[in-house]
Amino acid sequence: TDVTTKQYVPSFIHSFVIIHICDMNMSNYYDIDDVVDIKVVVVGSNTVGKTSAVRAFSGHSFLSSHEYQETKDVLTTAIQLKGNDPIVSATFWDCSPQTFLQSPHEILHDAACIILAYDVCNYNSFLEATKLWSNVIKPNLKQDNRLLFIMLLGCKTDLATNRTVSIKEAEVFASKNSIFFMEISAKIGTNIDLTLTLLRIRSLNALSSEDSKNNGYTGNDNNNSSSN
């Protein structure tokens with residue numbers, strides 16, 4: 001496997017200008033005072049960095065591992081996502097794997113976005129994330145036939161010298177499964193703002209138009225959305 005220590009930046013992003021233009025276009029779908037509530041479900045193995053990611057998204061400082069108490073159920077965090085109109089209030093559901101596997105359909109109910117988190121230095125966590133997608137999440141989404149934004153999220157890129165999951169392998173999985181791919185470091189802030197901006201725009205697109213087939217997973221493996 002071609003394992004690299006470089007930081008990941010999606011190939012389609014040349015500048016934040018493109019992102020902000022897309023954000024401005026969302027005002028065509030919403031009134032100026034609209035508030036959109038979205039539910040973001042974060043799943044993955046224990047210790048992959050889910051809680052650190054959500055803390056970073058909410059602007060809180062990084063905590064070392066010994067300062068954490070393991071999430072035993074579901075930890076919810078409300079975050080207002082920055083951008084143009086409308087105001088977007090995202091509630092992140094940080095789920096322990098045990099709780100998620102007990103009632104996946106209930107937890108996924110009304111979600112606008114699902115984040116499949118793994119540790120780039122732990123190959124087994126990547127395998128667990130891909131299994132969750134194939135064996136649990138995708139079958140549940142096909143029952144609902146909803147348009148959602150799905151993100152495969154590699155965490156802990158600040159430890160990339162110990163990387164065991166290559167960027168290429170994650171990109172290939174995301175592309176084959178019509179989902180988005182991103183990597184972050186909650187500790188040093190790599191791609192945190194970019195991830196939130198993309199999450200905001202893509203989730204709004206999925207909610208605002210059934211014609212936005214390239215912005216979310218539809219339960220059809222033949223659609224063309226990907227990490228590129």
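Because the structure is predicted, anything quoted here is derived from the model rather than measured. Position 1 is the first residue of the sequence; numbering continues from there.
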Val40 and Ile79: CA distance, side-chain angles, deciding distance, side-chain contact (heavy atoms from CB on, under 4.5 Å) verdict: CA-CA 10 Å; Val40 182; Ile79 303 172; over 6 Å; no
Ile87 and Val36: CA distance, side-chain angles, deciding distance, side-chain contact (heavy atoms from CB on, under 4.5 Å) verdict: CA-CA 6 Å; Ile87 297 169; Val36 179; over 6 Å; no
Worked check of side chain to side chain donor-acceptor pair (under 3.5 Å) between Ser125 and Asp119: CA-CA 6 Å; Ser125 73; Asp119 177 351; 5.5 Å; no
Working for side-chain contact (heavy atoms from CB on, under 4.5 Å), residues Thr190 and Asp158: CA-CA 8 Å; Thr190 304; Asp158 54 287; over 6 Å; no
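Using a 4.5 Å heavy-atom cutoff, the side chains of Val136 and Leu101 are in contact. When side chains are defined from C-beta on, Ile137 does not count as touching Pro104, because their heavy atoms never get closer than 4.5 Å. Put simply, the side chain of Phe100 reaches to within 4.5 Å of the side chain of Leu108, judged on heavy atoms. Considering only heavy atoms from C-beta on, Phe57 stays 4.5 Å or farther from Thr77 through its side chain. The side-chain heavy atoms of Thr195 and Met151, taken from C-beta on, include a pair separated by under 4.5 Å. Looking only at side-chain heavy atoms (C-beta outward), Leu141 and Ile150 come within less than 4.5 Å of each other. Between Phe181 and Ile167, some side-chain heavy-atom pair lies under the 4.5 Å cut-off. Between Thr99 and Ile107 the shortest side-chain heavy-atom distance falls below 4.5 Å.
Summarising the geometry, atom CG belonging to Asn162 is positioned 11.5 Å from atom CG belonging to Asn122; distances are rounded to the nearest 0.5 Å. Interatomic distance, Asn46 CG to Glu128 CD, rounded to the nearest 0.5 Å: 10.5 Å. Within the model, atoms OG1 of Thr164 and CD of Glu169 stand 9.0 Å from one another, a figure rounded to the nearest 0.5 Å. Atom-to-atom distance recorded for Asn140:CG and Glu106:CD is 8.5 Å, nearest 0.5 angstrom. We find the CD1-OG1 distance between Ile192 and Thr197 to be 11.0 Å, quoted to the nearest 0.5 Å. How far CG of Leu198 is from CZ of Phe180: 4.5 Å, rounded to the nearest 0.5 Å.
Atom NZ of Lys39 has more than 12 neighbouring heavy atoms from other residues, nucleotides or ligands inside a 6.0 Å radius.
Remark: side-chain polar atoms of Ser89 are not paired, donor with acceptor, to backbone N or O of Asp37 under 3.5 angstrom. At least one donor-acceptor pair under 3.5 Å links the side chain of Ser58 to the backbone N or O of Arg55. Using modelled atom types, one side-chain atom of Thr130 and one backbone atom of Leu127 make a donor-acceptor pair closer than 3.5 Å. One N or O on the side chain of Ser185 and one on the backbone of Ile188 form a donor-acceptor pair closer than 3.5 Å. With hydrogens and angles ignored, the 3.5 Å screen pairs a side-chain donor or acceptor of Lys50 with a backbone N or O of Gly44.
The aromatic rings of Phe173 and Phe126 stand perpendicular to each other, their planes meeting at an angle above 60°, with 30° marking the opposite boundary.
Cluster membership for Met182 and Leu159, using ILVMFWY side-chain heavy atoms within less than 4.5 angstrom, is not shared. Under the 4.5 Å side-chain heavy-atom criterion for Ile, Leu, Val, Met, Phe, Trp and Tyr, Val120 and Val48 are members of distinct hydrophobic clusters. Under the 4.5 Å side-chain contact rule for hydrophobic residues, Leu152 and Val165 share a cluster.
Heavy atoms only, all atoms of each residue included: Phe62 and Lys187 are closest at CD1-CA, 3.6 Å. Contact detail for Lys156 and Thr47: the closest heavy-atom pair is NZ-O, 2.7 Å. Between Ser52 and Ala186, the shortest heavy-atom distance links the atoms O-CB, 3.4 Å. What you find for Ala117 and Cys155 is that their closest heavy atoms are CB-SG, 4.3 Å. Between Val88 and Arg200, the shortest heavy-atom contact is CG2-NE, 3.7 Å.
A side-chain contact (heavy atoms from CB on, under 4.5 Å) with Ile115 is found for exactly one of Leu199, Val54, Val41, namely Leu199.
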